[in-house]
Amino acid sequence: MAKIAEVLPQPITKKRGRKPKGDRPMTASERAAASRFRRRYPMEGYSGKQVSVMLSGDAHLALDELVSTYGDKSQKEIIDLALIHLIKSQQVTE
């Protein structure tokens, strides 16, 4: 019987939680600063300005048509491109 116990490996216990990104876990103030930064700049290249609007029926149909035409782009990307194009076209006509 003693030989069976020697052959079986000891159970390996894993540490709980996610591994730290660096060489040590972040302090509470570092986590808070990182959270504030993520909220301020949610995606690279974006200011983080959140806008919520209700589209008219015609605008909604136009957006759906653009989404189906440009299947690789999201609604957000299409709206971004449309706004940028509108500003650039106004600058040319002035």
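Any value given below was found using the heavy atoms of this structure, including those in side chains, with hydrogens, waters and symmetry copies removed.
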Any residue meeting side chain to side chain contact (heavy atoms under 4.5 Å, CB included) with Thr69, in chain and number order, not counting sequence neighbours: Glu65
Residues forming a side chain to side chain contact (heavy atoms under 4.5 Å, CB included) with Ser68, sequence neighbours excluded: none
Hydrophobic cluster identity match, Val51 and Val67, side-chain contacts under 4.5 Å: yes
Joint hydrophobic cluster, Ile79 plus Ile87, side-chain heavy atoms closer than 4.5 Å: no
For Leu86, the rest of its hydrophobic cluster, which grows through side-chain links under 4.5 angstrom: none
Donor-acceptor pairs under 3.5 angstrom involving side-chain atoms of residues 55-64: please list them, not counting sequence neighbours.
from  : atom 1 : to    : atom 2 : distance (Å)
Ser56 : OG     : Ala59 : N      : 3.3

Worked verdict on Lys73 versus Leu81 for side chain to side chain contact (heavy atoms under 4.5 Å, CB included): CA-CA 10 Å; Lys73 304 240 183 274; Leu81 292 171; 3.8 Å; yes
Which donor-acceptor pairs under 3.5 Å do side chains of residues 24-35 form with protein atoms, sequence neighbours excluded?
from  : atom 1 : to    : atom 2 : distance (Å)
Arg24 : NH1    : Glu30 : OE1    : 3.3
Arg24 : NH2    : Glu30 : OE2    : 3.0
Thr27 : OG1    : Ser29 : OG     : 3.2
Thr27 : OG1    : Glu30 : N      : 3.3
Thr27 : OG1    : Glu30 : OE1    : 3.4
Glu30 : OE1    : Thr27 : N      : 2.8
Arg31 : NH1    : Met26 : O      : 2.9

